[in-house]
There are 2 protein chains.
Amino acid sequence: MVTIDDVAKRAGVAPSTVSYALSGKRPISGETRERIEKAIADLGYRQHASARALASQRTDVIGLMAPLRVGVDVNVIMQFVAGVVAGANASGYDVLLVTQEDGVLDRVVGSSMVDAVVVMDVEAADPRIPQLSALGRPTVLIGLPAEPQGLSCIDLDFARAGALAARHLTGLGHRSIALLGSPAEVMERHTSYAERMNRGFTDACEGAGAQHLVIPTNPSVSGAEEAVERLLAELPDVTALVVHNEVALPHVISALRARGRSVPEDLSLVALCPENTALAQVPPVTSIDLPAETIGRAAIDMLTAIIDEGAPGEVRLIAPQVVERGTTRAPRSAG
Amino acid sequence: MVTIDDVAKRAGVAPSTVSYALSGKRPISGETRERIEKAIADLGYRQHASARALASQRTDVIGLMAPLRVGVDVNVIMQFVAGVVAGANASGYDVLLVTQEDGVLDRVVGSSMVDAVVVMDVEAADPRIPQLSALGRPTVLIGLPAEPQGLSCIDLDFARAGALAARHLTGLGHRSIALLGSPAEVMERHTSYAERMNRGFTDACEGAGAQHLVIPTNPSVSGAEEAVERLLAELPDVTALVVHNEVALPHVISALRARGRSVPEDLSLVALCPENTALAQVPPVTSIDLPAETIGRAAIDMLTAIIDEGAPGEVRLIAPQVVERGTTRAPRSAG
DNA sequence: ACGCTTAGTCGAAGCGCTTCGAGGGCTAGC
DNA sequence: GCTAGCCCTCGAAGCGCTTCGACTAAGCGT
């Protein structure tokens, strides 16, 4: 292995000079710098990451905790991951991706493997939050716990998204609306986004005086069938639907069709999902985009602001927007 | 920060003894071990990862190179990623996920950030392969280049998959079959899996004396439409279809339906895609599974075999299997 | 001509850990 | 009773890098 000493020797300078040339933390004359650069190229020198990390107390690695829990769609999680990684790489960081649950935080953060952490799938009262506060590393949560305890958070504004979906439909004249939402397990964990979505939806329906119903939906063909059964049983004159469940979405549409309710003729539908999921439906559905890539990149921006400028904890919620793709219209009776 | 010296002091032993107690590389008496463990617990000691890596020359981190190239489906890539991470965590490794392209290999491997590498989206003559050979770190490729140069490879046997799909259809009596495959960009890069798939498909069709056609398909609604147009123009009496394109799949089905060819009544269809994609179609389609999770875990197994036992390079191809879900049947004329 | 600053470089002291060789204290063998 | 051998532990020497203080030479104003 070629070390900084080898480079120094070949360039005829001290190792510290090479280090300063590399980091730019002290001025180096042009001539010396050139000799050093040549030596580096000749020798094929590469800094040893661990040695640098040990001496400088920074690894330039960001930890990304993305638990793959039952009930959350891997594809959705992974879209966030892709966004975070892209953002991190663009900012000169690498990403250590961890999907386990248990002692990971302690291990990865406690052992100084990472300079900072991004945490996903946050529950309302997430046990990791006090831990993270205690650890004292720069942290950004993707999600919004009840008590952020000074940690930065970023997420889609699910409360507004739920409300927006509801109002989009009541605005068209619908008076009987259901939300087919996250699976029961996710609700039972008090997963932040699911609770906020439901509350936003429910409040807006009540504000508009519309009948409403929330049905937890399992992410499977049968889950979609069951949800549709229950929907038609409990709210037979339903005219509009919000679906917040990527996996169930296509099967909800087909289950409805199989029962003689087609979208959008008989039933309006707006989904909350990543854009590509909305576009993958037949027909593509009107949706509120879950901008995973954007959120991932924003999380990194917030993190670098904390690392570099000691920025304080901040909560940033992305405003939801409806993208019309033709699956919502006024109800029959009102049209 | 509490160091190994603090622990040693509190336990009344030498730092090296603590180190040996931790690593188990030398025997430690039960009594001493207990004192050390108590001291660790009392102090909340955590090993410093970089220090350990520097001294021991291993990081227990695996690098995962997953370039997010145009034309490859993020979701599919990310399913592999999830499998690799799960496997790695289970084997005591963490994963550094990199999606950039350029100098990454050099940077990440050259700087000793990782003990080993998993490389995805391998092209037939991938420029990274000589690099990887030269770097000399344990490596597993997910994919199969023309010249593995001693590197280990794992992948679905796409040649057999293409052949299997074709024979499944010819076996049912189909004599005019098309493959809607990877986008043109992917083919132009000579991406390994796409080429193998096409060749397997083509050879099997010729072997069975069936008319065949391969249509590169863009992963979008319009791409699917164009492919279907071209299909019906160039092979008007087509009776069966293989689709190897996750994104286009639903739109291919609906484009066919819109042109009066429904699946499976008029046209049999078998897809090559992850199971969840097959299940997400309406109706769920007969498919050859792309077992991303399995392959990811197997990649880690092969890697640990190389790391721990110095296992030699090995090429492992997973046998494809058709899972019947009702979208293939005998053609009309033959039925 | 004088001290002052500034630019450019050096040497040495760590960062926290692992590992090697050595050595003390025992038991066992004869 | 002495030594061979084993078990357990210690101390010291790094791993490759950063960073601090110090030093030299040159440039500046007065």
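All figures in this text were calculated on a predicted structure; none of them were measured in a lab. Sequence lines set the chain letters: A, B, ... in the order given, protein chains first and strands last, and positions in each chain run from 1.
Bracketed by its first and final contacts, the part of DNA chain C lying under 4.0 Å from non-hydrogen atoms of chain B reaches from C:dG16 to C:dA22 in 5' to 3' order.
Residues of residues 10-32 of chain B that place a heavy atom closer than 4.0 Å to DNA chain D, in numerical order, are B:Gly12, B:Val13, B:Ala14, B:Ser16, B:Thr17, B:Tyr20, B:Arg26, B:Pro27, B:Ile28, B:Ser29, B:Thr32.
Using modelled atom types, one finds a donor on one side chain and an acceptor on the other under 3.5 Å when comparing B:Gln149 with B:Ser133. Under 3.5 Å, the side chains of B:Glu123 and B:Thr191 contain no donor-acceptor pair of N or O atoms. Checking B:Asp115 against B:Gln57 by side-chain atom types alone, no donor-acceptor pair falls below 3.5 Å.
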key: Check against side-chain hydrogen bond (donor to acceptor under 3.5 Å, both in side chains), B:Arg33 and B:Ser29   = CA-CA 6 Å; B:Arg33 155 164 287 116; B:Ser29 71; over 6 Å; no
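To the nearest 0.5 angstrom, B:Glu147 atom CD is 13.0 Å from B:Asp126 atom CG.
The residues A:Arg69 and A:Glu185 are annotated as not salt-bridged, no charged nitrogen and carboxylate oxygen being separated by less than 4.0 angstrom.
In terms of heavy atoms, B:Ala66 sits closest to B:Ile77 at CB-CG2, 4.0 Å.
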